[in-house]
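Chain naming here is simple, since letters A, B, ... match the order of the sequence lines and numbering starts at 1 in each.
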Amino acid sequence: MPDPAESITKNFRFDEAEARIYGGWERAGLFRADPEAPGEPFVIVIPPPNVTGNLHMGHALDNTLQDMLTRYHRMKGDNTLWMPGTDHAGIATQAVVERQLAKEGISRVELGREGFLERVWRWKEEYGGRIIGQLKRLGASCDWSRERFTMDPGLSRAVRETFCTLYEEGLLYRGDYVTNWCPSCLTAISDIEVEHEDRDDSLYHIVYEGVGGAPSLTVATTRPETLFGDTAVAVHPEDGRFPAGEFKVRVPFTGREIPVIRDPYVEREFGTGALKVTPAHDANDFRLGQRHGLPTVVCIDRRGALTAEAGPYAGLDRFEARKRILADLESRGQLAKTEPLRHAVGVCYRCRTVIEPLLSLQWFVRTAPLAEAASASVRDGRTALVPRSWERTFFDWMDNIRDWCVSRQLWWGHQIPAWYCPGCGRTHVLREDPSACPDCGGRLERDPDVLDTWFSSGLWPFSTLGWPERTPELARYYPTTVLVTGFDIIFFWVARMMMMGLKLMGDVPFRTVVLHPLVRDASGQKMSKSKGNVIDPLTVIDRFGADAFRFALASQAGTARDLKISEDRVAGCSRFVNKLWNAARFALPHLACLAGGGGPPGGGRDCARALLAAPPPPARRLPDRWIRSRLLAVTREAREALEAFAFDRYADLLYHFIWDELCDWYLELAKPPLYGDDPEARREAAANLRLVFCETLALLHPVMPFVTEELYAKIPGASGFLMASAFPEGRDAEGDPAAERSIGVLMDITRAVRTSRADFHVPPGAKVRPKVSSDRPEVAGLVAEYSPLLLKLMGAETLSTALPGEAKPRDAAEQILDWGAVWIPVAGEIDLAAEQARLAKELVELDRDIAQAEAKLRNPGYLAKAPEEVVEETRERLASLRARREGAERSLRLVAGLAEGRG
RNA sequence: AGGCGUGUAGCUCAGUGGGAGAGCACUACCCUGACACGGUAGUGGUCAAGAGUUCAAAUCUCUUCACGCCUACCA
């Protein structure tokens, strides 16, 4: 008899195994995609993490799901590519390097643009891309030979080509507009990079004196410091509180005269009904100003300090200036009122500085036509969003989209390929750097700004495949199949890729977008450093292993919006890994008798498929027939779940199959033949065990790649890699309902005896002698054949079959089952009172259920309208309930009799 | 303000028209030859509230309440 404890460690040593296994996969080139290879293409592009980034929970989830899909499709035989890479992350990276410089006491300006960029590149070579190594620890099976970076020469060419094309088609323009300016990052940012925070603030009522006898007006504002930029006061056209006709008021302090205009934009109910208009410092005021031909006056500069327009306040920070202006207005009697106001304030997504809307010269993408095409592609199903509920949000955004400000006042990024000629005043947007003005030959000045990082990531699905070159990869792998990402970047990234892909490639960038939940802590809080609730994925992997971690993530990746992760959860999954490991510890030594029955020697994809592709052994014995039938069902459901991106369903399915069916029953049922002395039976049981085990490992491999690969390698006859093996298709043509029914009988008997033992407090060591009674002919045979095993499982001494017509013995508890009954003689000291109470309670419950079922079957509406099978089910249920009631009643009489006898 | 989502066992969640489920936690018992990271049997729920549709509602519709997220031009 093999001693498993000798041949295999007690637990999976993931700390030692993971790197070794991953290295094996890499060396065998299993991650590589070949556009020339056959197979349906299956392509995922990774959402490129920032080069500055470290693996966080969001990445871990995102990449676990991508890896599951990638591994599944690769095993299915698809031509699979998972394209990896990183993003240059303009502001974030520039900030990191600037901080590093600051420690050395150097500023970026001192270094100059070229010197600074050199430093950033050096930083990138040294520290950037650490996240790639972290992804490998997770088990990510990307084709690393194709790794891209958004500032690679190829991708930079794609950016330049895109910029020029959009410019030539009038989809890109430069202009003076109010944009969101961050006075701390010193750059413009796009609308969606502004986050809104509710803050307690004040609404100030300020008196503007009338000019030449005109009445004074009181305006309400939260930002008094912008009054120096006022070029009008606006009221609603139908607001009777204000005199008709044209008149002017004076801006406080400067005395500048500004007109009072009428516009329906003004809300009469808010504040005083009079709105000060500052076109240079507010997006709405800017639009108002354009409608009414108002001039713009800039009174706050790029650092958030007031300009010379503010006279005595010039040079003061905007918030300091606000305080002083309020104090001075107060002393002049021009501050009529101050009231508290809670309102949303726009802040920079990076540094949380309050955004200063600022008139500045920026580049914009004209998004309306692009968005319309993207919207249409979802409407007509060329791209599907999963779950579908995101469609509405997507359409809402696309339908109301505003032009995209793409220029950033940074150095790190793709510099805008626009040159301005001071001589002739023309702008040139060019694919190749010019040496002089093409028109007048004068010296050109290049636009110093760079592009928004999302501009280049918007091209990711095709720029990584070689565009604008026409490469074999582009032909084979575009459009990509699935995009997997969090819903928080639908607008930043998904929408932009769709707009760019449709415009430049003429087709959608991906067929399906899978939007997964955001990872939160155990109590549903967003993880953040300041809250101190961040769980580091690498720590989790160190402690519990990548497989347990991946399984924990996958098992919760349903359609909800939050995914709450905790170490406890992962610890629970590590027990599952342990369970599987120990199942193998039992099974593997028994497979030794099959050695030599595998595929050809050597490694590689084709021979690795051999074991899983070999013809299945015959399954003549009941347990084998049963488990093969169950395996078939589970295989089909697992495939369905993965095809539907129901990662949680897939994980749950395998968890219960392995634990409840494979381990709890099949391994037990396999023991008699495996330990028995019939070599033929042993071989057949072993062959089936190997098949079931092998296919189970394959089914589980997408989510638990390491432990399954490790165990696969230990199976006699296995060669190559599980990763390169075929995903099970369901080897048997059909299920075996008869076998499932029979095993069901064995399970019922076991459970019945166990329940009675517990109910009647039969001591663990004491044996019982249950009897099975049934009119079903096969039951006696089952009992005879499996009684040795059943005796062990339920702690019985003998198990026999009742003769036809035999009555239940007086001293036996009875468990009524669908197919018959089990009698369990009970003796010894029993808490009879408690037992009577329990049975009485059960009777009440049964009576209630019976009444319910009877009412249903008496209901004409039910009989007329309910489907046939539903009615039939109810009849069966009623019969079963009545039988159980009868049994419970008998048991109650028995217990009562015993109580009588004893008392 | 609008949109989206959530509300089911102590906790985390699955279930989307026909008998209320899982994991963890809890109680009692058990080291039975792979696993005590195990096993067996249990306790525990007016499925947020109300109304409607239906023969039948946790499930579909409407209303209300609570919480969360996103978008937005009431300064």
Engineer: Reckon A/Trp659 has a side-chain N or O less than 4.0 Å from the OP1 or OP2 of B/rG39?
Structural biologist: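 Yes, A/Trp659 has a side-chain N/O under 4.0 Å of OP1/OP2 on B/rG39.
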Engineer: Is the closest side-chain donor-acceptor distance between A/Asp396 and A/Asn400 under 3.5 Å?
Structural biologist: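 Their side chains do not contain a donor-acceptor pair, so the 3.5 Å distance test is not met.
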Engineer: Checking A/His343 against A/Asp201: is there a side-chain donor and acceptor pair closer than 3.5 Å?
Structural biologist: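 A/His343 and A/Asp201 do have a side-chain donor-acceptor pair below 3.5 Å.
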Engineer: Whole angstrom is fine here: how far is it from CZ in A/Phe487 over to P in B/rU6?
Structural biologist: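 Computing the A/Phe487:CZ to B/rU6:P distance gives 12 Å.
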Engineer: When you measure from the side-chain N and O atoms of A/Arg575 to the phosphate of B/rG38, is any distance below 4.0 Å, counting only OP1 and OP2?
Structural biologist: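 Yes, because at least one side-chain N or O of A/Arg575 sits under 4.0 Å from OP1 or OP2 of B/rG38.
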Engineer: Counting the atoms with a prime plus P, OP1 and OP2 as sugar-phosphate, which does A/Asp568 contact under 4.0 Å by heavy atoms, base, sugar-phosphate, or nothing?
Structural biologist: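 Contact class for A/Asp568: none.
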Engineer: May I ask you to say what A/Lys564 touches in the nucleic acid, namely base, sugar-phosphate or nothing, with a heavy-atom cut-off under 4.0 Å?
Structural biologist: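 The answer is sugar-phosphate, as A/Lys564 gets under 4.0 Å only of primed atoms, P, OP1 or OP2.
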Engineer: Name the pairing partner of B/rA66, where a pair is Watson-Crick or G-U wobble with both distances under 3.5 Å, or state none.
Structural biologist: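 Partner of B/rA66: B/rU6.
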Engineer: Can you tell me how far C1' of B/rC70 sits from CD1 of A/Ile192, to the nearest Å?
Structural biologist: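 It works out to 12 Å between those atoms.
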Engineer: Any luck finding a side-chain donor-acceptor pair between A/Lys276 and A/Thr226 under 3.5 Å?
Structural biologist: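 Yes, A/Thr226 and A/Lys276 have a side-chain donor paired with an acceptor closer than 3.5 Å.
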Engineer: Tell me whether the OP1 or OP2 atom of B/rA34 has a side-chain N or O from A/Lys671 closer than 4.0 Å.
Structural biologist: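 The answer is yes; a side-chain N or O of A/Lys671 sits under 4.0 Å from OP1 or OP2.
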Engineer: If you compare every side-chain N and O of A/Lys579 against the phosphate oxygens of B/rG39 (OP1, OP2), does one of them come in below 4.0 Å?
Structural biologist: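 Yes, because at least one side-chain N or O of A/Lys579 sits under 4.0 Å from OP1 or OP2 of B/rG39.
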Engineer: Looking just at side-chain N and O atoms, do A/Asp230 and A/Tyr208 make a donor-acceptor pair shorter than 3.5 Å?
Structural biologist: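 Present: a donor and an acceptor within the cut-off.
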Engineer: For A/Ala220 and for A/Ala583, locate the closest nucleotide of RNA chain B by heavy-atom distance; then report the residue assigned to the nucleotide nearer the 5' terminus.
Structural biologist: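 Taking each residue's closest nucleotide, the earlier one in sequence belongs to A/Ala583.
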Engineer: What is the nucleic acid contact for A/Ser574, judged by heavy atoms within less than 4.0 Å: base, sugar-phosphate only, or nothing?
Structural biologist: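 Touches a base.
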Engineer: Which base sits across from B/rA22 as a Watson-Crick or G-U pair, both distances under 3.5 Å?
Structural biologist: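 With both distances under 3.5 Å, B/rA22 matches B/rU12.
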Engineer: How would you label the contact of A/Arg754 with the nucleic acid (heavy atoms, under 4.0 Å): base, sugar-phosphate, or nothing?
Structural biologist: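 Sugar-phosphate, backbone atoms only, no base.
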Engineer: So does A/Arg392 reach the base of B/rG3 with its side chain, donor to acceptor, closer than 3.5 Å?
Structural biologist: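 No, the side chain and the base share no sub-3.5 Å donor-acceptor pair.
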Engineer: Between B/rU32 atom C1' and A/Met794 atom CE, what is the distance in whole Å?
Structural biologist: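 Rounded to whole Å, this separation is 14 Å.
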Engineer: Give the C-alpha distance, both sets of side-chain angles, the deciding distance and a yes or no for ring-ring contact (aromatic ring centres under 6.0 Å, His included) between A/Phe551 and A/Phe576.
Structural biologist: CA-CA 9 Å; A/Phe551 194 84; A/Phe576 178 51; 5.0 Å; yes
Engineer: In whole Å, what is the span from the CG atom of A/Leu203 to the P atom of B/rA75?
Structural biologist: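 So the two atoms are 8 Å apart, to the nearest Å.
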Engineer: Looking at every strand, decide which applies to A/Pro763 at a 4.0 Å heavy-atom threshold: base, sugar-phosphate, or nothing.
Structural biologist: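 Touches nothing.
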Engineer: Whole Å only: how far is the CG atom of A/Leu857 from the P atom of B/rG19?
Structural biologist: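 Result: 12 Å.
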Engineer: Under a 3.5 Å cut-off for both distances, is B/rA41 Watson-Crick or wobble paired, and to whom?
Structural biologist: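 Paired with B/rA41, as far as the under-3.5 Å criterion goes, is B/rU27.
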Engineer: When the distance from CZ of A/Phe551 to P of B/rC37 is rounded to whole Å, what number comes out?
Structural biologist: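 A/Phe551 atom CZ is separated from B/rC37 atom P by 20 Å.
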Engineer: Can a side chain N or O of A/Tyr675 be found less than 4.0 Å away from OP1 or OP2 on B/rA34?
Structural biologist: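 For B/rA34, OP1/OP2 do have a side-chain N/O of A/Tyr675 under 4.0 Å.
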Engineer: Can you tell me if A/Arg585 touches the phosphate of B/rC35, counting only side-chain N or O atoms and a distance under 4.0 Å to OP1 or OP2?
Structural biologist: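 Checking A/Arg585 against B/rC35: at least one side-chain N or O falls below 4.0 Å of OP1 or OP2.
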